[in-house]
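None of the values given here were measured: they were computed from a predicted structure.
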Amino acid sequence: ASATVYSAVWDIKVDWALSWKQLRRLRQQENKSDKPQFAPKERCFSATVYICASVFDMLARCAWVLNLLPIAMLTEDAWVKGLLRVLLSTLELVRRSIWVVVRIEHEQSANGGGFRSILWVPPKPKQE
């Protein structure tokens with residue numbers, strides 16, 4: 001359980017670079033009506049989207065525990081067993097899809113100035 005919580009916090013803090021301070025700043029930017037329309041945004045989504053993604057990530061990470069339970073303990077019906085497996089697999093697929101979208105969005109916003117882009121790769125040194 002502690003590894004699951006640690007992984008969820010890692011997703012939010014490190015992979016997505018989100019904190020309460022940053023979410024509050026995003027909220028303030030959304031509420032400003034006097035900012036020009038052409039002003040660059042730090043992030044693409046609203047603070048609500050990030051909060052919902054964070055909560056969903058934590059809850060979906062905890063759902064893996066259901067895979068550890070013997071399904072026969074929950075139900076004897078083969079159709080329900082199969083449905084439970086499909087639902088848990090789909091939940092994990094959606095969680096990972098949301099994770100990758102927010103992760104790529106963070107990388108794009110963090111590298112917006114192009115300071116990490118490589119325009120030229122040096123040739124391989126000749127071996128003698």
Side-chain angles (χ1 to χ4, degrees):
S2 61
T4 301
V5 172
Y6 180 81
S7 296
V9 170
W10 184 273
D11 282 353
I12 296 165
K13 290 277 196 184
V14 177
D15 291 340
W16 297 349
L18 292 175
S19 65
W20 286 112
K21 182 179 177 181
Q22 185 177 15
L23 289 173
R24 270 188 259 125
R25 189 175 51 213
L26 279 172
R27 279 286 169 145
Q28 290 169 354
Q29 287 176 355
E30 291 169 8
N31 294 334
K32 285 184 182 178
S33 60
D34 59 343
K35 72 175 182 175
Q37 295 293 345
F38 57 86
K41 295 173 69 174
E42 286 185 21
R43 303 299 286 254
C44 294
F45 304 116
S46 68
T48 306
V49 171
Y50 294 115
I51 292 169
C52 290
S54 300
V55 169
F56 179 77
D57 186 65
M58 286 187 204
L59 293 176
R61 277 192 173 276
C62 293
W64 72 270
V65 173
L66 294 175
N67 284 325
L68 299 177
L69 294 174
I71 294 184
M73 192 171 110
L74 300 174
T75 183
E76 293 294 326
D77 189 9
W79 191 83
V80 175
K81 289 178 186 178
L83 183 64
L84 184 62
R85 291 277 185 215
V86 168
L87 288 176
L88 289 174
S89 299
T90 303
L91 185 67
E92 181 64 14
L93 183 65
V94 170
R95 186 194 70 79
R96 289 176 185 234
S97 298
I98 291 171
W99 180 89
V100 78
V101 167
V102 177
R103 175 71 175 147
I104 290 172
E105 182 266 342
H106 161 62
E107 281 299 317
Q108 176 61 31
S109 66
N111 194 24
F115 65 90
R116 284 189 296 209
S117 63
I118 298 175
L119 300 176
W120 177 77
V121 178
K124 183 178 176 183
K126 291 183 180 180
Q127 301 270 335
E128 291 186 30

A.B. asks: Are W99 and D11 linked by a side-chain donor-acceptor pair shorter than 3.5 Å?
C.D. replies: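 Result is yes, a qualifying pair exists.
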A.B. asks: Can you tell me how far CG of L66 sits from CG of L91, rounded to the nearest 0.5 angstrom?
C.D. replies: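 CG of L66 is found 9.0 Å from CG of L91.
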A.B. asks: Please find the pair of heavy atoms, one from A53 and one from W16, that lie closest to each other, and give the distance.
C.D. replies: O-CH2, 3.8 Å
A.B. asks: Taking atom CZ as the centre, does R103 end up with more than 12 heavy-atom neighbours from other residues, nucleotides or ligands that are less than 6.0 angstrom away?
C.D. replies: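 Buried by this count: over 12 neighbours within 6.0 Å.
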A.B. asks: Could you see if I104 belongs to whatever hydrophobic cluster contains L18? Use Ile, Leu, Val, Met, Phe, Trp, Tyr and a side-chain cutoff under 4.5 Å.
C.D. replies: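 Yes; L18 is reachable from I104 via cluster members.
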A.B. asks: What distance do W10 atom CH2 and D15 atom CG have between them, rounded to the nearest 0.5 Å?
C.D. replies: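 Here the interatomic distance stands at 7.5 Å.
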A.B. asks: So, R27 versus T48: side-chain donor-acceptor pair below 3.5 Å or not?
C.D. replies: yes
A.B. asks: With sequence neighbours excluded, what pairs up with V101 under the side chain to side chain contact (heavy atoms under 4.5 Å, CB included) test?
C.D. replies: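 Here the qualifying residues are F45.
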A.B. asks: Is there a continuous path of hydrophobic side-chain contacts, each under 4.5 Å between heavy atoms, that joins V14 to Y6?
C.D. replies: yes
A.B. asks: Does I98 belong to the same Ile/Leu/Val/Met/Phe/Trp/Tyr cluster as L93, with side-chain heavy atoms less than 4.5 Å apart forming each link?
C.D. replies: no
A.B. asks: Answer with yes or no whether the hydrophobic clustering places V100 together with M58; edges join I, L, V, M, F, W, Y residues whose side-chain heavy atoms lie under 4.5 Å apart.
C.D. replies: yes
A.B. asks: Tell me the closest heavy-atom pair linking E92 and A60, and the distance in Å.
C.D. replies: OE1-O, 4.5 Å
A.B. asks: To the nearest 0.5 Å, what is the distance between CZ (R25) and OG (S19)?
C.D. replies: 7.0 Å
A.B. asks: Under 4.5 Å between any side-chain heavy atoms of I12 and Y50, yes or no?
C.D. replies: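 Side chain of I12 against side chain of Y50, heavy atoms only: no contact under 4.5 Å found.
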A.B. asks: Do R85 and N67 have side chains that get closer than 4.5 Å, going by heavy atoms?
C.D. replies: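 R85 reaches N67 side chain to side chain.
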A.B. asks: Mind checking who shares a hydrophobic cluster with L68, ILVMFWY linked at side-chain heavy-atom distances under 4.5 Å?
C.D. replies: W64, V65
A.B. asks: For D57, what residues pass the side chain to side chain donor-acceptor pair (under 3.5 Å) criterion, not counting sequence neighbours?
C.D. replies: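 Partners of D57 under the side chain to side chain donor-acceptor pair (under 3.5 Å) test: R95.
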A.B. asks: Would a hydrophobic clustering, with Ile, Leu, Val, Met, Phe, Trp and Tyr connected at side-chain separations under 4.5 Å, put W79 with L84?
C.D. replies: no
